[in-house]
Amino acid sequence: MSDRLIDEIKVRDRVKPVLNQGSSPSFFSCWDMHSYYGESYIVQGVSFDIREGEVVALLGRNGAGKTSTLRSIARVDSPQVTHGEIWLDHKPLHKMAAHDAAMNGVALVPEDRRIIAGLTVEENLQLAQIAPPIGWTIERIYEHFPRLAERRNQMGTTLSGGEQQMLAVARALARDIKLLLLDEPYEGLAPVIVQEIANIVDSIKKYGITTIIVEQNAVAALRLADRALILDMGNIVFDGTAQEVLDNEELRHEYLAI
Amino acid sequence: MSYILNIEGVNKTFGGLHALTDIQLKIEKGTTHAIIGPNGAGKSTLLNCCIGRLIPDSGTVNFNGHNMIGMQPHDINHAGMVRVFQTPEIFPELTLLQNVIIPALAKRDGTFKFNPFRSLAKETELEDQAMAALADVGLEKYYDQHAGSISRGDKRRLELAMGLIQQPSLLLLDEPTAGMARHDTNKTIDLLKKIKERGMTKVIIEHDMHVVFSLADKISVLAQGCIIATGTPDEIRNSAKVKEAYLGESEDE
Amino acid sequence: MSTKDKSKDESRRDFLKATAATGIAASSPMFFVKDAYAGSHNMPFRNNPGSAKSVKFGFNVPQSGAYADEGADELRAYKLAVKHLNGEGDGGMMNTMKPMSLKGNGILGKKVEYVTGDTQTKSDAARASAKRMIEKDGVLMITGGSSSGVAVAVQGLCQEMGVIFMAGLTHSNDTTGKDKRRYGFRHFFNAYMSGRALGPVLKKEMGTDRKAYHLTADYTWGWTQEESIKNTTEELGWQTTAAVKTPVGAGDFSQYITPILNSGADVLILNHYGKDMINSLTQAVQFGLRDKQVNGKQFEIVVPLFSRLMAQGAGDNIKGILGTTNWNWSLKDKGSQAFVKSFGAEYGFPPSQAAHTCYVQALLYANACEQAGTFYPPQVIKALEGFNFDGMGNGPTEYRAEDHQCFKDVLVVRGNQNPSSQFDLLEIVQEVPRSQVEYPASMFGGELGPYVV
Amino acid sequence: MDAILIQILNGLDKGGAYALIALGLTLTFGTLGVVNFAHGALFMLGAFCAVSVQQLLTLSKSVKDESITFFDAYKDQPYLEIWWGDTGTAIIDYAVPISILFAIPIMLLIGVAMERGLIKHFYKRSHAEQILVTFGFAIVVQEIIKAFYGANPIPTPAPDIVSGSAAIGAMLGLSESLVYPWWRLIYLLFAGVVIFAVFAFLKYTTFGMVVRAGMADRETVSLLGINVERRFTIVFGIATVVAGLAGVMYAPILPPDYHMGMDFLVLSFVVVVVGGMGSLGGAVAAGFLLGILQSFASMNEIKSIFPGIDQIIIYLVAVVILLVRPRGLMGREGVMED
Amino acid sequence: MMKISLQNNAVVMLIFSAVVLTAPLWLAPIGADYPDLLQKFAIFGIFAIGFNILFGLTGYLSFGHAAFLGIGSYTAVWSFKLFTMNVLPAVILGTIMAGVFALAIGYISLRRSGIYFSILTLAFAQMSYSLAYSVLTPITNGETGLQLTMNDARVIDSLFGVEAEAGLPSTNLFGQVMSGYSGFYFCAVILIIGFYVSLKIFRSPFGLKLTAIKSNQTRMKYTGFNTRPYLLSAFVISGMYAGLAGALMSITDPLAGAERMQWTASGEVVLMTILGGVGTLIGPLLGVGIIKYFENIFSAMNPSALHEIFNFLPLWLENIVVGITRHFVGDGWHLTLGAMFMLVVIFLPGGVMEGITKLFNYIKKKLGLNRVDSEDHVSEGGDRK
């Protein structure tokens, strides 16, 4: 245990002030975050800032800690954040439980969508509108996602993969969010549907919602993103524009394996 | 027959969703065959069908001339087909050494052996084997730590050691390098190359193209539950179809 | 044993004995120290007090489980008995018992002390507790308990250990029947006597043309009682419509009660005790059985074994129900009055029949020791066997030598319709004389076993 | 025919009781994932709510009891009777229905306090430890009750007006002998209403929707800004209230004693498991199924063919169902399977 | 710490044997040195050790092990009735019979896991109990319990011409009577053997495989093990331990009652094991010691006994202390037990053994000894038996 502590201190010394281009103080910032799954050390001192309205792609190979980083920010129980600070719009997320973080504007669209079994499409949406602050009305959501409107009384889990993804995103929009965390939105979807989801995410970008997107399909993610962060072994190893990543084959090869 | 594994016409659906559609796959003895494809393409489902975790709706999985469908997982293991899992399926409460001794015991004792009076302390031979396997993957220093406490990358390596110690005739590797640092990935590639020299047949599922292209003799590309291409690494690298499906570049761009 | 090859047998026995002796010596050095068999009358026996200033009794009563309240009342009676034996308090039945050897200075000049234990109403726990008393605390006599299973189990143990057991509340015929033991005595009456006592009263109250339906707790006591009552009622000319066994501790008896409604029976006999009795009676009344008319007759319920504590649990449902009891505090004889007075003054409420039984048994054991002039069990047993006495309630009483069953008058009681106090739950219908409930000792079989163990 | 009809009714009634007890237990399983061995004790506490209210209403002045001459004895006369005469007596008569009103807030309080003070700390502990701690809690509660009320069952009668039987047969034009106690009919009705209320609450209220969602996926619900833990505390409180109400209403049928909870504990676990872990509908279905089967197995005709069948029927059915359906009637995969 | 084994079985066994055999000496100060309680410690120790082989190693929580205890008891008494008063056949038959039943019940119950398994075992045990209590009375003698009688056949004894005595015969080991201290030593020797077997199993490849099944059964299947026979063997072994314990209960006290099979009896061994520490070698024995001590000693204390204990205090303080403690002994002993369950599990997750280990590590740390190996736990635990 003590060894670990020493490590942490070293890591902290090593952290350089993160880049903070543009707005200051930054809208979202994550400073030296460490988290564990049980005894497994997953996120090993991640620090980055995001400006309001920015869309950031968080990239890295499988197992690099991307999902864990998102989950740490959303403050779910596991992984457990043992050290670090997370600030969103002047609010200290690191002091909050998941539901508090959500009430302060964080929305995580999880990897496997997590549509709640036993609830209809509409109930899934209603569930998102119980705790304040409330975002889009359900009517507005249905306008944007006519397919969901058609299936409003169907059980959420009986939707197809793409529709479930739509519902998951819609569920996030039903809340008044400041930071959207998208985890693998295209996973397991047919190309046609990927396109559809991409359009949705595009439109989200138009509304100016600050977004972190984690995606295996790096190219697709980079197309949407203003900025890219590359994570490796629980550490940020690259921070730059999306174009820089697309242009830098060596970087892609080394850290994204494409 | 020079094919050690011959998958024919395997279909698998989950509640209307076609996870696998008419899979045809032949693996030659002694080769390293990579299966690539985007997340959710059905790669893990395919492996699960091979090792008895899932039973396909139709089709055959022929291993060394025997149909494996309907066989118990432990019998498939003893037939010589061993899988290294993607999400580390280890014994978190046991030490690393014990984790590796378990598959070694399986290899020695078979599916069931009642030996409650044999002393573990006398199993020095297995212990040496296990230590060697741990050394192969570079974990020998941590042999007495609980497997639950090591990093994800290390768990992957432990998985690998657990697979290797059984010296299977066919090793199914599900993303063996996920979660590893670049340095460790390279070490793992070296290790897998070494195994190839020993003549072990391998099927690798991998995202990391670097790993795939350094190891594979042949590559199959899986997308939407279908094998859309099989070929040498070069053929795959230059296939437009593959690029579209896997690298996410749609045709209109 | 007829002997064809006696010499061979004997040599083998000698060999066995020799091994036994060496075995004891080798394996357990403390064996002799603990169970020191050195006595005053040249007669070694277990837990001989020798020259000690006091003797110990073991009060083994249920302190947890369904009979805990009954156990608590037993314990109160025992403590009172010890007080009286040691010459404290008002003396209670010591003043009324005849013949009486006790002097109010303890027993044979030794002060009486006691230890307590919890039977949990389980044979195993009761035997463990009794063993502790014998092995650790060195008690001379064990008494108490609230169920026949426990009584039989502890009685067997006491026979093996050579310690006298004065059974507490046990109603099964077996306790002094097929499971009787030389070292065990019972003051309580039994199921057979309940039946004999009830017979004439039932005839008088309900006539001879009745159809009876039995609900019987599915274990040995329930069976013996069912059999005894059945014999009695069938002698009267009653028919037995059905006898249904119910699981012990069933809680809800409704599924056994509903068939009664259509059975054509006009009397329900509940061979239940304790919680089962309270529940089955309460539920039977709820099913309207008591308001029913069958075959032009009023439907009746009979609970052959009654106790005031149980009556308390059943509340109003007990009113008007017939049954038998060993003793009731409203008896007007001198002994009973003395005891009730003494107990009431001490605790503020009258004693239960369990308390009475236990109190009397403690006194009787003490008296037998005093009379025999020794604590040596065989002598004490002989003093108790065939002992005739009076002034302890229920009139003249005998501890029959052949089976150690106590014979005295049996009370047939009825749930009081208009109780004058919260304790006045049972009214005595008849004091059935002893002669009417007596039976030959050989009737239930069993063997007492040896005096010396 | 009558016999069968009445056994069906009887089975439904028993089933209602089983379902009611199991409902609270499975609610605790489903939401908190805690194996609550104290559930029987909560049922018992409910019954003792009725006892307490009855004793409260019969709070009495001690009057010298002249009828006892051996020693100074006192008898009790309830203040209510002293003050209000017959009205007081009538109020006392309605002790059990009145106690329902008391039981709801008291049980809710007990439930919430128990969850916050004890259960909360055991969410992530092993089932074995949950069993040990809740069992210990049950024993402590029992012993406290025993210290205050003694071990003997305490008669807690229903109001006089419903103490007898309803002549159902006569009402329906069937056999005269077809009667059934009023109170048991009320219990059946009550069980139905409570079960329906719980289901309706879960189905039609927002709170219920959150609970259902929380049972299915706790994490996602908290990601939507909902404090699941607080809601689950209330759910535990509701489960306690349901157990308590089952107990209150059972008091006239089974005079309460301190040990009655243990007798129901095993049974309620069997019902919940046969129904399938985490399934409310399953628990209710299993409760009624076992109740009816138990009633039938107790019939003399069946007992004469299979002696003792009535004593083992519940367990026998449990074994058969679990062998045929691995997760009980309606259990979900993966719940409490490790 | 763990390169398979640094631990010497012989040393462990030596310490364990010494501790067990001298129990009458070191248990004397707390009043637990009389034969019956010593026998109970040993017998329930065997029961708990066996139970721990199933629950501690595989994680399968059986709620029906008391059934095997009862079967062992009945078989042993029948052996006395039919064959001989010698205890060896009783021990062997009791163990085997329990094993047979365990095989049948385990075969069916192990088709399910988790709580479904627990309820299946519970159901079987409750059925056994109900039947033994009532319908099977010809075999079990119902509520009264199966007892010896004067006219039992005892075929072997009469064959060898052992003469009937005046009273009931006693159980014996070739003439040595099996009650009192000799009964304890007999049980103690079997406990030591039982512990040795358990130690061997814990430290065998078989034991390791069982632990691995507990850790991740799915993985075991894909590693090439057929887990069902492993679980079944563990179940049968632990069932045989229970049968052995049951037989010993009949040997030290030849009366077998149905309540031994009730769910509360099964629950008791579960509580003993958890209380002491699941999966540790000594933990279950500690649990047995605590619960049996409470049941036998605390339940027997009454205010006068308390006054004796606390008479070193000034009178006024003595009265206060007795006034408070009296609620926790005698008929309040259950309260103490329940409170202790709660305290232990709240403050010592992992049972009493965990607490001892922590304490031991703490002391070692204080003394500046860093290395702690688990062998010390064994001996430390043994001291407390």
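Values in this document were obtained by computation on a predicted structure and should not be read as measured data. Only heavy atoms go into these numbers, but all of them, side chains included; no hydrogens, no water, no symmetry mates. In what follows, every chain begins at residue 1, and chains take the letters A, B, ... in the order their sequences are listed.
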Is [X] close to chain E through its backbone or its side chain, or both, or neither, when contacts mean heavy atoms under 4.5 Å?
X         : result
Arg182(C) : neither
Ser172(C) : neither
Glu113(C) : neither
Asp179(C) : side chain
Val61(C)  : neither
Gln159(C) : neither
Leu157(C) : side chain

Handout entry: Lys/Arg N to Asp/Glu carboxylate O, Asp36(E) vs Lys131(C), below 4.0 Å
Key =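 Yes, Asp36(E) and Lys131(C) are salt-bridged.
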
Exercise for the section: Run the salt-bridge test on Lys245(C) and Glu226(C) with the 4.0 Å N-O cut-off and return the result as yes or no. Expected result: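 So Lys245(C) pairs with Glu226(C) through a salt bridge.
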
Exercise for the section: Nearest 0.5 Å please: distance from the CD atom of Gln39(E) over to the CZ atom of Phe186(E). Expected result: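 These two atoms lie 11.5 Å from each other.
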
Handout entry: From CD (Gln63(C)) to OG1 (Thr119(C)), nearest 0.5 Å
Key =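 That separation rounds to 8.0 Å.
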
Between [X] and [Y], is the ring centre distance below 6.0 Å?
X         : Y         : result
Phe59(C)  : Tyr78(C)  : yes
Phe253(C) : His272(C) : yes
Tyr185(E) : Tyr181(E) : no

Practice task
Indicate whether any N or O donor in one side chain lies under 3.5 Å from an N or O acceptor in the other, for Asn151(E) and Thr149(E).
Solution key: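 A pair is found: one side chain offers a donor N or O, the other an acceptor, under 3.5 Å apart.
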
Practice task
Identify whether NZ of Lys or CZ of Arg in Lys292(E) sits under 6.0 Å from the centre of the six-membered ring of Phe44(E) and within 45° of that ring's axis.
Solution key: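 That pair qualifies as a cation-pi contact.
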
Problem - Between Gly145(E), Ser299(E), Gly142(E), the one whose heavy-atom pairs under 4.5 Å with chain C are most numerous - result: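 Among Gly145(E), Ser299(E), Gly142(E), the one with the most close pairs to chain C is Ser299(E).
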
Practice task
May I ask you to list the residues in residues 259-268 of chain E that approach chain C closer than 4.5 angstrom, counting heavy atoms only, ordered by number?
Solution key: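 When heavy atoms of chain C are the reference, residues 259-268 of chain E contributes Glu259(E), Arg260(E), Thr264(E) within the under-4.5 Å range.
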
Practice task
Take atom CZ of Phe328(E) as the centre, draw a 6.0 Å sphere, and report whether it contains more than 12 heavy atoms from other residues, nucleotides or ligands.
Solution key: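 Counting other residues, nucleotides and ligands, CZ of Phe328(E) stays at 12 neighbours or fewer.
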
